[in-house]
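What follows is a short report on a single structure.
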Amino acid sequence: MTRRNLRLADRGRLDRSQPIRFIFNGRTYYGYKGDTLASALIANGVALVGRSFKYHRPRGIMTAGSEEPNGLVQLGQGARTEPNIRATQIELYDGLVAASQNCWPSVGFDLGATNNLLSRFFPAGFYYKTFMWPASFWMKYEYFIRRAAGLGKAPGEPDPDRYDKTYAHCDVLVAGGGPAGIAAALAAARAGARVVLADEQAEFGGQLLHSRSEEIAGRPAVDWVAAAVAELSTMPEVTLLRRTTAFAYQDHNFVELVERVTDHLGPGADGPRQRYWRLRARQVVLAAGAIERPLVFADNDRPGIMLASAGRAYANRYGVAVGDKVLVFTGNDSAYRAALDLAEAGTAIAAIVDLRPDAGGPLVAEARGKGIEVLAAHAVTATRGSARLEGVTVMPLNAAGDGVTGGGRQIACDALLMSGGWNPAIHLFSHNRGKLRFDERVQSFVPGEPVRGCHTAGAMNGAFETADCLAQGFAAGRKAASEAGASGEAGSVPTVTRAEPAESPDRVLWIVPSDKPLGEGGKHFVDHQNDVTAADVALAHREGYRSVEHLKRYTTMGMGTDQGKTSNVNALAIMAALRDRQIPEVGHTTFRPPFAPVTIGAFSGHDKGDLFDPIRKTPMHGWHEKTGAPFEDVGQWKRAWYYPKPGEDMHAAVAREVKAVRAGVGIVDASTLGKIDIKGSDAARLLNMVYTNAWSKLEIGRCRYGLMCGEDGMVFDDGVTTRLGEQHFLMSTTTGNAARVLGWLEEWLQCEWPDWQVHCTSVTEQFATVGLNGPMARKLLAELTDDIPLDDAAFPFMSIREGHVAGIAARVMRISFTGELTFEINVAASYGLALWEALMAAGEKYGITPYGTEAMHVLRAEKGFIIVGQETDGTQTPQDLDMAWIVSKQKPDHLGKRSFLRTDTARPDRKHLVGLLTENPSEVIPEGGQVVAELKNQPPMTMLGHVTSSYYSPNVGRSIAMAVVKNGRNRMGDTVYVPLVDRVIRAKVTEPRFFDLEGARLNG
Amino acid sequence: MLLISCPHCGPRAEIEFAYGHEAHIARPTDQEKLTDAEWADYLFMRKNPKGVHYERWVHARGCRRWFNVARHTVTHEILAVYRMGDPPPALDR
Amino acid sequence: MAISSRYSIISLARNALNYHRDWQVAWRSPEPKPDYDVIIVGGGGHGLATAYYLAKEHGITNVAVIEKGWLGGGNTGRNTTVVRSNYLWDESAHLYEHSLKLWEGLSQDLNFNTMFSQRGLMSLAHNTHELREINRRVNANRLNGIDSEVLTVEQVKAYCPILNCDPKSRYPVMGASLQRRGGIARHDAVAWGYARAADARGIDIIQNCEVTGFRIENGRVRGVETTRGFIGAKKVGCVVAGHASVVAGMAGFRLPIESHPLQALVSEPIKPVLHTVVMSSAVHVYLSQSDKGEIVMGAGIDAFNSYAQRGSPFVVEHLLNALLELFPTFSRLKLMREWGGIVDTCPDASPIIGRTPVEGIYFNCGWGTGGFKATPGSGWVMAYTIANDRPHRLNEPFALDRFVNGYLIDEHGAAGVAH
């Protein structure tokens, strides 16, 4: 490929003082600051940029904006590589590296292009009709289909860059910074509103950035833009967001935006790469502009074929000619502006092919006057060229526009600028459930009924003239500000003092005919990215996929990364014609967020790693950590799991810990248990309702265990609650359920019993809780307290005393989750570590042993105490858990009571909690093992229930297990089986209690 | 993201709230007298309207107070916010 | 169906030579007849499957499927296409396994490639509790004759190398269950395949026809009022995910159902990197890579009742946070499209399939987030129930009266995510 230079000498908003070096497909090129990768590639004569998705056809840049369907590249390298980036949106930086994607071995010679030769066999939806034989082969077919699909490649390493996200509020958000958006922002800001103005481009100005002759308020349009932006930037309540795409418009004026903060500076720049804005606006002004419509003609996809507006933007804004000899193909006047600007810059215009038989008006006259050949009532019927357009065939159109007459004329050209009209960018409006209306004049959809809190202005309303954009924008900004409560003086509408020539009416031909029937000659691409042609639309129609949604899903039209920005309207207009209906009758597909694809990392921001979810640590966490304890996640809490000594594995450590507790004294950090302080004259009444047992008669200073059920009668939490005063209780909950239980109490109190006098306060984090368990617990504690008598008479089981431990004010409870003599010491959280260390120091001579959650689980299982969430899964009643004793028969009511009477819930043969003792006492059944009564050689087998807890118990001297088993209470002594993958374990059904059955150890 | 006006704190984003489902379902008294079907009606059967839904929310990450909301389940428009215990407003939709 | 309209590589080639001018419509668009033996309300996957199996299994072909919009336009065309049968409880496992077996021959049965890809489905465990529950479920699955296995962290890493298995993660992966027969399918193709096959057996598929009421006489259904007039029917099966409460209201009864938005999203297409389905209930994400190359992701439901097919963005934000915890290399991929469906959820996260208080009206609803995978099985048991006026033993436990007697099939507690 010879190097070409299509740079125009004195055009564009470029800084030509410093050339910028970049690499594309391994080759080095130069561009300037102000270039996009697309403009720099065009300037360097690189037309072939990528390969299409399905047929691997050569493709080049088609647009100059975020609607680009073709020019997708793999940007960057290594951990920073990024697939599917639109070259039209990449601002050039020094050292930029990019490559074509979806081609092998190279974009110039791509083996996948055989698909194009065989394309006749791959119409839309072909895969639904084949690859079905033999049935087992689909996975093999699929392997190849998957490899052929996809576009770019995901990075292989984690993202080294950082992202930010923020919430923001404003009075008026203006989305879109073209003439309408700028005017809206000016009006709203001058009126005193807090304004955010966002535009996806690097500069505000929109179409004005490539306007040449227009003047606003007496100065060139770009100067007016600069002045307006300067005015806005001096206003403290205005936030200007460049390179920021408003990508989703959600309920209640919540708009999501993404700001590309440093992408344009290249890898490793200071600051976050992108920022995700979650913005609530009182009022929203949408000024999103319009997107030019491609013409659907035969082989309209060759590199060098572009939208006319893009050709103009490249010339005027980026200082690049799209070719040496440019052909313009249009059904409207706007494309003439591109031709005239290019001609003025010295580029040869091969011809202007105009669909209109009556092409007239000032722009047409001006073109003719400049000596440009205008072929009215003509159409491009074929194109030539592979890596770049080389020429076209042009034929005269018949009167109806559905066929051609007469012979073709060959015209050589290396670029073609097309325009089929303009589609208002109604995407955001549509996200917010705004109803659309088909506008006959612009032959496209525009916002219909206004939506409350949302205003639209400019080209997205179908107002394409600058003066209209300014007027609509200004009015919308003023109205939005006023509705947001800002009614200051907005001044007057900026006026266009020198306009571009007015345009004459368009001619719209949804399919440009050629001399061959549709589908038999060249391909009329509708969706360039997904390779959907007009013939595919016709096929979908023929096969009955006629709803626009079926069309989209059957052909994949509009489902690419561009979301059909350039293709949707053309496709549904073609379908409407095939169905012989009007376009509005056919309707449109739903526009879905995001407007343009958004980097996933931006959503995540800093919410990753340890910040993904809060970590809760007890006051003694550091001690556990220093001691080398691994932690177990329980909800958000980190709990010490076990405390291995050198050389110990988990099994050995736990065996040592559980023995030590029963032989001497063990210490456990129980701070994570939920604690709720309950006060008020109806506090006992509340407990009577939420627990299944009775609470009125609990004496002050005494503790009681309770089970909580939902209204469905199923157990959902348990814990010990202590009466601290006549109207004062301290409730404890399981670690994982603390928030849920507090919410449960509050909901009932506020919604069902609002007149009850009760206050509930979470005090989980106010206290550190240390459990001292074991026969030596009393002796040890006695050394550290002189104001709490510890003997049984003075401090009986299930009671609380207040005093001091190690000089620290403490509430001490005699409750037990191990069956041992236990003192649970609660102190202010900030003293937790001091208490722990004091107990450890004083306990050394008793062999005090810290134990973790695993040993705790073994110890409680030895005693048959349940863990909610382990023995239960939301389908157990207290009766199922062998805890009928805790359901009061006397109380008239408690939550869940009525549900116990339902026929299934009252069944005597439900699943019951039982114990299991394996035949081989050293064998431990894996938890989660399923229990069967009858063993079969192979599945299916009837399951009775499952093993909920299972451990080797050194204290019992054998394995123990708990299980929920159908009709278990009537199976005592029966042999059951637990079939596993590799073996079957036999066990006997027993009571779910294994140690110290008479409860003698509670008192030490 | 809904914008919900807590009657005690003012307008706040939905993430500060927790949803409490259909409002105005009174807990039956004399439950023993109810048939299983009547009890199931209270426990499980819901209006789930396509239209205005009278529902409860709690300002869980704020004042922790419960209140009622009338919200349209198609447009998500909030038509009324009223305190716990107040009767549902009549809305012509 | 006529041999000439059968799909095959040969018919594809033959039509190619003729520029695809001769393909037939996949289904007719008939005018509704005055009355039918059976009307199926709802032209989603489940409704179309019901119609198909009524014809195929029970010889009932005087059937119309009435759809208010376009076929497959509800949750069929909006879900994340996960197919599995590794449910905890026997009742669910039997139903979903029956469905999975039908999936395994579906493309051939329908003569329409549904692209059912049995690429395996992994549910991750992030703590000891989840590990225990995974063991429980895998054991239960195996004893129900369903393929299921437990993977260690090392095996997880080998099976899905791009998954973050760093033990220092906030929620480290501790293991997983794997159902190798699980996978994904092409959702639209399921609706179209059933529609085409049902049409070929003489069933009328009527789109753009909304049911506005039932004609009920003496407690027995006589037909449906629609936007295209009254259509008589001896029996009416309602399979209207996302609108079950509304349609039940027309028939005069309430359901234990609440409708919620469920959001899903896809990334831009990339070359294949993820070869299995991954689910994690602890961090609330499930994902797979479509044949087109998009990473397809699903979130948890939005909390509030809604018929809007849109949820709140923080749900999506949380999902993407979770995604990057599991797949940090996806940070530079881009979210391409997000959308919402309406899921009808039951208190026990299990569906309702069976008779109703009105004679001749049958409901199939309440699938919550898990309906797609059940499509063939659901249609099959629904057809049986309608044809015989009594449930098949597979759907007998899923009757409406379970909410009265308390025989719930609670898939919340132990099965992890219900997707």
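Quick note on labels: first sequence line is chain A, next is B, and so on, each numbered from 1. What you see is a predicted model, and the numbers here were worked out from it, not measured in a lab.
For B:T35, the part sitting under 4.5 Å from any heavy atom of chain A is the backbone (N, CA, C, O) and nothing else. For a residue to count as touching a neighbouring chain, one of its non-hydrogen atoms must lie under 4.5 Å from one of that chain's; by this rule A:L895 touches chain B with backbone and side chain alike. Contact of B:Y42 with chain A is made through the side chain alone, with heavy-atom distances under 4.5 Å. Interface remark: B:A13 contributes backbone and side-chain atoms alike to the contact with chain A (heavy atom separation under 4.5 Å). Neither the backbone nor the side chain of A:N253 comes within less than 4.5 Å of any heavy atom in chain B. The part of B:L43 that comes within reach of chain A is its side chain, from C-beta onward, which places non-hydrogen atoms under 4.5 angstrom from that chain.
Using a 4.0 Å cut-off between charged nitrogen and carboxylate oxygen, A:R452 and B:E77 count as a salt-bridge pair. Between A:R898 and B:D36 there is a salt bridge, with a side-chain nitrogen of the basic residue lying less than 4.0 Å from a carboxylate oxygen of the acidic one. Salt bridge status for B:R71 with A:D251: absent, with no side-chain N to carboxylate O gap under 4.0 Å.
Taking both residues in full, the closest heavy atoms of A:H252 and B:H76 are given as NE2-O, 2.8 Å, listed atom of the first, atom of the second, then distance. Scanning all heavy atoms of the two residues, the minimum distance from A:R902 to B:W39 falls at CD-CD1, 4.1 Å. Smallest separation of non-hydrogen atoms from A:E752 and B:I25: OE1-O, 4.1 Å. Annotation for B:V74 and A:R433: closest pair O-NH1, 3.2 Å, computed over non-hydrogen atoms. Nearest heavy atoms, A:P892 versus B:E32: O-OE2, 4.2 Å.
In this structure, A:H759 places its NE2 atom where only 12 or fewer heavy-atom neighbours from other residues, nucleotides or ligands lie under 6.0 Å away. Heavy atoms of other residues, nucleotides or ligands lying less than 6.0 angstrom from NZ of A:K891 number more than 12. Environment of CZ in A:R282: sparse, with no more than 12 heavy atoms of neighbouring residues, nucleotides or ligands closer than 6.0 Å.
Of the possible polar contacts, one joining the A:R280 side chain to the B:M1 backbone as a donor-acceptor pair under 3.5 Å is found. Between the side chain of A:Q750 and the main chain of B:W66, a donor-acceptor pair closer than 3.5 Å is present.
Interface summary for chain B: among A:P754, A:S899, A:G743, the most heavy-atom pairs under 4.5 angstrom belong to A:S899. Of all the listed residues (B:L34, B:V58, B:T75), the one sharing the greatest number of non-hydrogen pairs under 4.5 Å with chain A is B:T75. Between chain B and the residues A:E256, A:Q250, A:E711, the most heavy-atom pairs under 4.5 angstrom are made by A:E711. For chain A, the option among B:E14, B:R64, B:M84 with the highest count of heavy-atom pairs below 4.5 Å is B:R64.
A cation-pi arrangement is present between B:R27 and A:W748 under the rule of less than 6.0 angstrom and at most 45 degrees off the ring axis.
Distance CD1/B:I15 to CZ/A:R278: 7.0 Å, rounded to 0.5 Å.
Side-chain contact check for B:R56 versus A:E747: some heavy-atom pair is nearer than 4.5 Å.
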